[in-house]
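The block underneath contains the structure these notes are about, expressed in structure tokens.
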Amino acid sequence: MKQQKNNPKTRVVRMLYGSKTKIFLLMCVFLISVFGILLSNWLTTSQTAFATINLLQPAPTQPLGYYDYFGKLLSPQEAARVVANKGFNSNDPISYQRVGAVKITQKLIAQGENIFFNRKIGDTLGFQGVFGFGQGLNTISDEIGVAIASLQGQPTTNLKITLQKNLTLGSRTFPKGTVVNTGLKVPARQSAALGLKANGEITCLLCHATLSNNKIIPGTSNGELAIPLLIALAPNTAAGFARLNFNPLDPQYKGNGKTIIDSKGNKVELPDPKKLEDAFDDAVLDVPFGNFESSPDGIRDSTKIPSIFAFKNHPYGASGEAAVGPFAGLSALNNGVHSSEVNLFAAAQISADTLGIDPEVYIGTLLQNAADPSLRLPKGVIVKPSEWLRKIVPNPIQAELEDQIPAPGTGTYPNLRPSLFTYNGLVFSPNTGNPEDIASGTFLFANNAMSAFQNSLVPPANQTSENWQALTNNSVKRGAKVFQKANCATCHIPPFFTDNKIHPIDQIRTNPARAQSRLGLNKLLVAPKLYTFNTPVPIPANAEVLDVPTQGISDTPTTLPKGVLPKGGYKTSTLRGLYVNAPYLHDGGVAVRAGSLKVDSNGSFTVVDKTGLGLSGTLSLSIPADPASSLRALVDRDLRAKVIKANKANPGLVRSNLDGTGHYFYVDRQSGFNSHQQTDLINFLLALDDNPGSF
């Protein structure tokens with residue numbers, strides 16, 4: 001052995017072998033580093049660079065182990081440099097939370113999924129006690145129970161109930177025996193619908209999930225959901241008056257309303273509760289199934305329930321209003337769902353500025369007909385509603401501020417100012433010390449966890465026979481070429497098929513109502529700030545504060561995002577998952593019922609049933625819109641004109657600003673494309689699932 005070791009020839013071989021091993025290891029390290037940089041750049045660069053890729057390649061997915069840093073996706077090495085540059089220890093996980101970086105882990109995604117599936121939306125005082133959502137649902141609970149029992153364990157994507165008694169909502173009466181489509185999804189062998197809890201509470205699944213082969217598919221929109229019915233059932237639906245264009249002091253509602261003292265010390269007579277409730281129920285029932293109204297802006301601007309395949313689909317919301325903060329605004333959107341969308345009282349803080357309604361009139365209108373009689377304004381006594389509220393529920397944190405805290409820099413409740421992160425000054429962040437609440441954690445934990453979960457969702461595979469045929473006969477591939485030739489990729493840039501921009505209303509030309517929903521806030525905004533993500537709740541006095549970056553998103557930290565001003569705008573929505581997200585445009589106005597068109601072998605079509613055009617022929621009748629036919633109406637100007645005409649012939653849709661106008665970018669005969677090409681484009685769009693090039 002000794003002789004062999006000292007043999008010159010052996011020494012040379014050993015030296016070469018050792019050198020090659022070192023070189024090999026160094027090359028591995030180098031390649032791994034290069035791959036990491038390329039992956040990081042791929043996931044963070046402008047999507048313009050993807051315009052030349054194969055349009056049928058799967059889009060990248062959210063990578064585990066990376067960090068979200070206010071919308072920027074950072075590799076562990078990049079995140080460590082950010083932490084070190086801030087003067088913190090990059091080996092300490094808390095340091096990342098202190099700078100606002102969120103590590104994307106499987107555990108965080110699972111926590112977000114649990115909240116999404118199981119955690120209630122809405123506060124006990126406002127949503128249940130004042131509005132009475134659970135009470136309203138209870139009026140048809142027997143019918144729901146009978147309908148589920150009649151399934152005998154079989155699943156359904158649209159629970160049909162038969163009314164056991166006459167049901168009057170506003171000026172409309174639904175007679176006993178009427179069969180009502182609810183759009184509720186009930187899995188096999190289950191006694192409750194997705195998203196509905198036994199106590200009348202709801203979860204995100206109610207609107208953002210469907211069933212396929214008895215498998216829950218989260219992220220898809222429940223476009224069949226009877227939201228207008230479920231809302232109108234509440235005994236005090238009119239508590240949401242700010243969501244529509246209702247002024248409670250309009251003389252037409254004058255009658256038996258209580259007299260209150262407003263914020264200036266004047267006596268004011270509130271509206272007659274029944275007159276306002278009936279009128280508001282009628283307005284709510286104008287809205288088609290699958291549409292919801294969330295913004296207390298005094299505008300009728302409902303939007304369809306969106307799909308939430310969220311990764312790289314920022315900014316969020318129909319008008320792109322959720323644009324800043326963690327996960328590129330997705331956490332702000334989640335915060336809004338759990339805060340401003342259902343918190344009835346918070347809008348009173350700025351109601352004088354945004355609605356021209358005195359805050360005391362606002363609160364009084366909510367309380368005088370509260371679902372819970374103990375919350376109603378007292379009889380025979382003239383009070384200031386805000387003072388009465390504090391007498392019956394002294395601690396706002398246990399009442400209208402349940403699970404919500406003011407964001408730093410917004411002021412003190414009830415005088416909070418909005419910011420680009422929170423449009424009512426509040427942040428949904430349940431108490432850290434409550435282990436019984438799955439949303440409990442450090443500041444913003446729940447919103448960030450839901451963001452990580454939603455970013456992990458991808459469109460479900462389109463396994464329809466039509467998609468198989470279109471892939472097999474190369475229609476999808478031909479459609480991809482049409483997509484490029486028609487310059488669709490100018491805005492809908494692959495692989496996520498969005499340019500991540502808000503386009504001004506003058507460019508996009510859709511109905512402006514929703515685009516204008518945030519304009520009234522522009523002069524009220526304060527700079528967006530958040531507590532560091534290691535901060536416990538309740539917030540300690542010495543809590544660290546982060547400035548939320550707005551560079552490139554808005555001109556200043558206190559102005560609305562670019563594209564919104566001066567008249568409003570709409571974001572470029574992703575095209576992924578279109579086949580599970582009909583109808584189209586923000587208002588769902590581009591809707592056509594299955595069987596309304598006859599398409600021949602050449603791709604030419606004729607309208608064979610004009611009653612199936614528009615929302616009036618689909619979701620206003622609780623009938624789903626057909627994806628292929630609706631997409632044809634989106635890209636064919638003649639068919640769109642017929643759809644718009646049908647919408648505008650329906651007074652309820654006109655009152656609700658739902659018409660399907662705008663986005664006048666056509667792929668039809670007038671723009672130089674034949675019927676074959678139009679059909680190929682539609683097949684391509686319907687194929688944009690998790691793996692567009694495969695079945």
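Just so it is clear, the model here is predicted, and its values are computed rather than measured.
- Relative orientation of the H663 and F665 rings is perpendicular, given thresholds of 30° and 60° on the angle between their planes.
- Taking the side chain as every heavy atom from C-beta outward, K562 and I502 never approach each other to under 4.5 Å.
- Of all the heavy atoms in F695 and T464, the pair that sits closest is CE1-O, 3.3 Å.
- With salt bridges taken as basic N to acidic carboxylate O contacts below 4.0 Å, none links R576 and D690.
- Separating the CD atom in E224 from the OG1 atom in T618 is a distance of 11.0 Å, to the nearest 0.5 Å.
- Remark: side-chain polar atoms of S596 are paired, donor with acceptor, to backbone N or O of R593 under 3.5 angstrom.
- Between the side chains of T572 and H503, a donor-acceptor pair is found at a separation under 3.5 Å.
- The distance from the OG1 atom of T550 to the CG atom of D555 is 9.5 Å, given to the nearest 0.5 Å.
- Side-chain polar atoms of R300 and N657 form no donor-acceptor pair below 3.5 angstrom.
- Side-chain polar atoms of D659 and N511 form a donor-acceptor pair below 3.5 angstrom.
- We find that R514 and E321 are joined by a salt bridge, their nearest charged nitrogen and carboxylate oxygen being less than 4.0 Å apart.
- Between V599 and S604, every side-chain heavy-atom pair lies at or beyond the 4.5 Å cut-off.
- Between A591 and P583, the closest heavy-atom pair is CB-CB, 3.5 Å.
- One side chain, N313 or K571, offers a donor N or O that lies under 3.5 Å from an acceptor on the other.
- In this structure, the side chain of T220 engages the main chain of I217 through a donor-acceptor pair within 3.5 Å.
- In this structure, the side chains of L631 and V590 stay at 4.5 Å or more apart for every pair of heavy atoms.
- Atom CG in L525 sits 6.5 Å away from atom OG1 in T558 (nearest 0.5 Å).
- In terms of heavy atoms, Q62 sits closest to N455 at OE1-CB, 3.1 Å.
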Stepwise side-chain contact (heavy atoms from CB on, under 4.5 Å) check, Y666 with R640: CA-CA 10 Å; Y666 296 117; R640 176 86 78 84; 3.8 Å; yes

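- When only modelled atom types and interatomic distance are considered, Q454 and N334 share a side-chain donor-acceptor pair under 3.5 Å.
- Of the possible donor and acceptor atoms, none in the side chain of S295 sits under 3.5 Å from a partner among the backbone N and O of D297.
- With a 6.0 Å radius and a threshold of 12 heavy atoms from other residues, nucleotides or ligands, R669 has its CZ atom at or below the threshold.
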- request: Check the pair S75, Y66 against side-chain contact (heavy atoms from CB on, under 4.5 Å), reporting the backbone distance first and the verdict last.
  value: CA-CA 5 Å; S75 69; Y66 274 58; 3.8 Å; yes

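- Residues L64 and I109 form a side-chain contact, since some pair of their non-hydrogen atoms from C-beta on lies under 4.5 Å apart.
- A donor-acceptor pair is defined here as one N or O able to donate and one able to accept, closer than 3.5 Å; such a pair exists between the side chain of N647 and the backbone of L615.
- Counting only distance, with no hydrogens or angles, the side chain of T490 and the backbone of N487 share a donor-acceptor pair below 3.5 Å.
- Y570 is linked by a ring-ring contact (aromatic ring centres under 6.0 Å, His included) to H586, counting only residues two or more places apart in sequence or in another chain.
- Not one N or O on the side chain of N448 forms a donor-acceptor pair closer than 3.5 Å with the backbone of V102.
- The CZ atom of F483 sits 6.5 Å away from atom NE2 of H492, with the distance rounded to the nearest 0.5 Å.
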message: Evaluate N650 against S616 for side chain to side chain donor-acceptor pair (under 3.5 Å), listing each step before the verdict.
response: CA-CA 7 Å; N650 184 316; S616 56; 4.7 Å; no

task: Would you check, one step at a time, whether the test salt bridge (Lys or Arg N to Asp or Glu O under 4.0 Å) holds for D680 with K477?
output: CA-CA 8 Å; D680 288 339; K477 287 185 178 179; over 6 Å; no

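- Between the side chains of T422 and N424, at least one donor N or O sits under 3.5 Å from an acceptor N or O.
- With hydrogens and angles disregarded, a donor-acceptor distance shorter than 3.5 Å links the side chain of Q677 to the backbone of N674.
- Using a 30° and 60° split on the angle between ring planes, F684 and F497 fall in the perpendicular class, above 60°.
- For S419 (side chain) and F421 (main-chain N/O), a donor-acceptor pair under 3.5 Å exists by modelled atom type.
- Heavy atoms of other residues, nucleotides or ligands lying less than 6.0 angstrom from NZ of K501 number 12 at most.
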task: Could you walk me through whether N522 and L565 pass side-chain contact (heavy atoms from CB on, under 4.5 Å), step by step?
output: CA-CA 9 Å; N522 191 58; L565 297 175; 3.7 Å; yes

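- In summary, the side chains of N581 and S221 do present a donor paired with an acceptor at a separation below 3.5 Å, with no hydrogens or angles considered.
- Scanning both residues, D626 and S629, for their nearest heavy atoms gives OD2-OG, 2.7 Å.
- Between the side chain of S656 and the main chain of L653, no donor-acceptor pair closer than 3.5 Å is present.
- Using a 4.5 Å heavy-atom cutoff, the side chains of D587 and T303 are not in contact.
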message: Run the side-chain contact (heavy atoms from CB on, under 4.5 Å) test on N291 and I227 for me, step by step, so that the C-alpha distance in whole Å, both residues' side-chain angles and the decisive distance to 0.1 Å come before the verdict.
response: CA-CA 7 Å; N291 274 52; I227 296 179; over 6 Å; no

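- Side-chain contact annotation: K185 with N222, donor-acceptor N/O pair under 3.5 Å present.
- In this structure, the separation between CG on L524 and OG1 on T354 is 7.5 Å, given to the nearest 0.5 Å.
- Contacts of R632 classified as side-chain hydrogen bond (donor to acceptor under 3.5 Å, both in side chains), with partners at least two apart in sequence or in another chain: Q678, T679.
- With hydrogens and angles left out, the side-chain atoms of S451 and S331 include a donor and acceptor closer than 3.5 Å.
- Residues L55 and Q484 meet the side-chain proximity criterion, which asks for heavy atoms closer than 4.5 Å.
- Scanning for side-chain hydrogen bond (donor to acceptor under 3.5 Å, both in side chains) contacts around Q670 gives D638, with sequence neighbours left out.
- A cation-pi arrangement is absent between R509 and Y664 under the rule of less than 6.0 angstrom and at most 45 degrees off the ring axis.
- Scanning both residues, Y67 and A101, for their nearest heavy atoms gives CD2-CB, 4.0 Å.
- Using modelled atom types, no side-chain atom of S630 and backbone atom of P627 make a donor-acceptor pair closer than 3.5 Å.
- Taking 4.5 Å as the limit, some side-chain heavy atom of L420 sits within range of a side-chain heavy atom of P561.
- A pairwise comparison of heavy atoms in D689 and P460 identifies CB-O, 3.3 Å as the closest pair.
- Atoms CD1 and CZ, from I682 and F605 in turn, are 8.5 Å apart once rounded to the nearest 0.5 Å.
- Between L578 and Y584 the shortest side-chain heavy-atom distance falls below 4.5 Å.
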